[in-house]
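Written below as structure tokens is the structure these notes are about.
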Amino acid sequence: MPELPEVETVRQTLKLRILNQTIEEVGVRASRLIQPLSAQEFATILVGQILRDIDRRGKYLIFKLSQNDLVVHLRMEGRFFIKPKSADIDKHEHVIFYFTNNTTLRFHDVRKFGTFEIMPKGQGTHAKGIRKLGPEPGDPSLTADYLKAKLQSSLRPVKSLLLDQTIIAGLGNIYVDEVLYEARIHPTRPGKTLQESDFDNLCKISQRIITEAVRLGGTTIRSYVSSLGVTGRFQNQLKVHTLVGEPCQTCQTPIVKIRVGGRGTYLCPTCQK
DNA sequence: CGCAGTACCTGTAAGC
DNA sequence: TGCTTACAGGTACTGC
């Protein structure tokens, strides 16, 4: 489920519910999510710690504990649920934090792609995946000049470049399609074919779309089970993603679906050149 | 170094 | 109805 707006929504929702809770026990039912630590090592470090805050960088959540930073990535399908301790454990709930107030935080992930990494206190932003992230939409350092420097010599499709988290952090498959539609840029165009005005547009449009998506609680598609904080409303704002065959809102041309860099990609073949 | 392809894992929907 | 295949909101690794 998670691109920046969905992860931000999860962060905000969790903060309202579990801040200042003390971890009494940790259950790990799929150790691949926490490797290279063992379940025992992972639990031993975390038990007794208090959740003081939750930060976010790109698509990563950083749980600020009393003695450590716990860095979590939801990958494709990771979700958090808060349930009473007595609730049955779902087969896809792979990591469970038991708090002293009889509630639990449960990480649910059908595909087991999610990751948990324990870092020294205050060092969450130095975790492996995080330290290489580029600026997020809206970050003052994400300027037209910055994008130009990163994209103008590349032969890669602009969609792949915008999905590259080391260039821009936070965009994923849905929002990149939406940004390129608004910018009227064809996703397969090599970075080096973009013009001055394209770089400027991509900065402004990515900021606008991400801000609006955060405001609406993110996008919920294909998720019939509503999960904590991620039953968003931005799906109603989508212009191309998932809308194959629907008329383009600008020119009525049917939206088409192609594959770019292995990812399903939606666009208007008339508006996007 | 840059890049394309593959791997990771499971469930669902579409195609035969 | 079954079986097979393609695909899913992401990233890391391999090998050219």
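- Nearest nucleotide to the Lys112(A) side chain, out of dC9(B), dC7(C), dG10(C): dC9(B).
- Taking the ring centroids of Tyr266(A) and Tyr181(A), they lie at or beyond the 6.0 Å cut-off.
- Across all strands, Gly264(A) comes closer than 4.0 Å only to sugar-phosphate atoms, never to a base (heavy-atom distances).
- Residue Arg32(A) places none of its side-chain N or O atoms closer than 4.0 Å to OP1 or OP2 of dC8(B).
- The side chain of Arg263(A) has dT11(C) as its nearest neighbour among dT10(B), dC7(C), dT11(C).
- Each of Leu133(A) and Arg111(A) was assigned the nucleotide of DNA chain C with the nearest heavy atom; the assignment lying further toward the 5' end belongs to Arg111(A).
- Remark: His92(A) is not in phosphate contact with dT10(B), judged by side-chain N or O atoms under 4.0 Å from OP1 or OP2.
- In this structure, Lys91(A) reaches the sugar-phosphate backbone alone: every heavy-atom distance under 4.0 Å involves primed, P, OP1 or OP2 atoms, never a base.
- With distances taken from any side-chain atom of Phe113(A) to the nucleotides dA12(C), dC9(B), dG11(B), the minimum falls on dC9(B).
- Contact between the side-chain N/O atoms of Ser154(A) and the OP1/OP2 oxygens of dC3(B) is found at a separation under 4.0 Å.
- Dashed line: the shortest gap from a side-chain N or O of Gln165(A) to OP1 or OP2 of dG10(C) is not under 4.0 Å.
- Distances shorter than 4.0 Å separate some side-chain N or O of Lys257(A) from OP1 or OP2 on dA8(C).
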